[in-house]
Number of protein chains: 2
Amino acid sequence: MPQTTIKIGSGDSTRERILKAAMLRFSAHSYEETGLRDVAADVGVDPAYVHRCFGSKEKLFLEAVRAAARPERLFSGDADELASTLASELFAERGENEIRSLDIVIRSFSSPAASRVLRDSLMEDFVGPLLRKRGQVSEKRAALVAAFLIGAGILRDVVRADPLLGQDEGELQEIIVQTIEELMNGDAVQEGDARCAPAPDHRGR
Amino acid sequence: MPQTTIKIGSGDSTRERILKAAMLRFSAHSYEETGLRDVAADVGVDPAYVHRCFGSKEKLFLEAVRAAARPERLFSGDADELASTLASELFAERGENEIRSLDIVIRSFSSPAASRVLRDSLMEDFVGPLLRKRGQVSEKRAALVAAFLIGAGILRDVVRADPLLGQDEGELQEIIVQTIEELMNGDAVQEGDARCAPAPDHRGR
DNA sequence: AACTATTGTCATCACCTGTTGACTTGACAC
DNA sequence: GTGTCAAGTCAACAGGTGATGACAATAGTT
């Protein structure tokens, strides 16, 4: 289960509770939509305090992005199952206090402030770990895997495009896994013995 | 050359000039970043007038999206070259007054107002035409092609992720073409005689 | 010439945003 | 007690937003 469960326990410091509330807000709304006043209200604290705790809205967002990324969660499994792991991140059901690594990313790339933060996180928390896990994959291909996941996430969860929603998720997931696999294996396939990629071994229907 | 060149001729009505200025603004900045005052200033007209001309900012945005989509431009070519056409849309160099269909889309998912508009445009101006052009392709796969293009566009032009920028565009483009091709042909390949997709005949380097 | 839309401008409203500085409260130390 | 530092509150500022309604100018029609 790849989500991060966010518990706003009363044992946490107020700063931590603010950060967790911000993660939840940013994962459901865009950077611009999310106001410091909203976050403050969630925690039950004065808006001025959340500002003073983090220095600025952008810094709060930055901390939220980095805390939500958690690359070790996505890239600690078997290298063979990476495509499948990444794809299932897309379809993970979100409980009340759970967010996916993707969530914040797909809501907030618009604002210049946000996209600066996201660029760094993309390289350090996704492309980097992926390259380390799969040495053969080029940076380009790793970035395209991210692009595919992000695009699918946006169309599904932000735009709520019908074909990616609801019925027959199994088939959809299978297509995505296969595409990611081909995206990652592409070079190896053309240089290897056969023109065809080896059939991905997960027939998870 | 798939871009739309926007000429703000003095022959156009003021309303048309406003719309074209809005298209340019929305293609370079997000929905939230773009103010009616900016658009008005570009045209040299009072901000109140652009509001009254289109009823609301959202309606102006809607018209800009629909005017920029121009599906006939993307889907009028050879069905065999569709993947290549779509991919080259990503890499089309933008002149001063040119925008790609993608541009407005990739800037402005954030706001709820914008994403409602974009959902409709996605289905009517992309998925629909693609299905008509390639009967075998499922709605899911068509939407995933859009997701891939949008994701790549965002990472490249909004986030400006390094691996998708600058050097060796030819290789990048080839990977994208192949991925789109596989995305569209996936079903046919598994049901057809051979396991391998026919090699895409465009060695466009 | 007089009437009438259309085209466009002006000042301004109501609202919301991140940010700031001054203040209060509480706990702990000496 | 008194001094000190952190935690948190309060009211307000400065700037920007889309939206309005009242007004001016222009052009076309009869």
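Quantities reported herein were computed from a predicted structural model and do not represent experimental measurements.
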Strand contacts (DNA chain C) in residues 26-37 of chain B, 4.0 angstrom heavy-atom criterion: none
Nearest heavy-atom neighbours spanning A:Val177 and A:Ser84: CG2-CA, 4.0 Å
Tell me: [atom1] of [X] to [atom2] of [N], nearest whole Å?
X	N	atom1	atom2	answer
A:Leu60	C:dT17	CG	C1'	15 Å
B:Arg15	C:dT6	CZ	C1'	14 Å
B:Phe61	D:dG18	CZ	P	13 Å
A:Tyr49	D:dA6	OH	P	11 Å
A:Phe54	D:dG8	CZ	P	12 Å
A:Asp46	D:dA12	CG	C1'	12 Å

Short side-chain donor-acceptor distance under 3.5 Å, A:Arg73 and A:Ser101: yes
State whether B:His51 places a side-chain N or O below 4.0 Å from either non-bridging phosphate oxygen (OP1 or OP2) of D:dA19. yes
Are any of A:Thr14's side-chain N or O atoms less than 4.0 Å away from OP1 or OP2 of D:dA7? no
By nearest nucleotide on DNA chain D, pick out whichever of B:Lys57 and B:Arg52 is the more 5' one. B:Lys57
Would you verify whether the NZ or CZ of A:Arg15 falls within 45 degrees of the ring axis of A:Phe54 while also being under 6.0 Å from that six-membered ring's centre? yes
Is it true that the NZ or CZ of B:Arg66 lies under 6.0 Å from the centre of B:Phe61's six-membered ring and within 45 degrees of the ring axis? no
Before you tell me yes or no, could you show the steps for B:Thr34 and B:Asp38 under side-chain hydrogen bond (donor to acceptor under 3.5 Å, both in side chains), namely the whole-Å CA-CA distance, both residues' side-chain angles and the distance that decides it to 0.1 Å? CA-CA 7 Å; B:Thr34 303; B:Asp38 301 324; 5.8 Å; no
Give a yes or no on whether A:Glu72 atom CD has more than 12 heavy-atom contacts from other residues, nucleotides or ligands under 6.0 Å away. yes
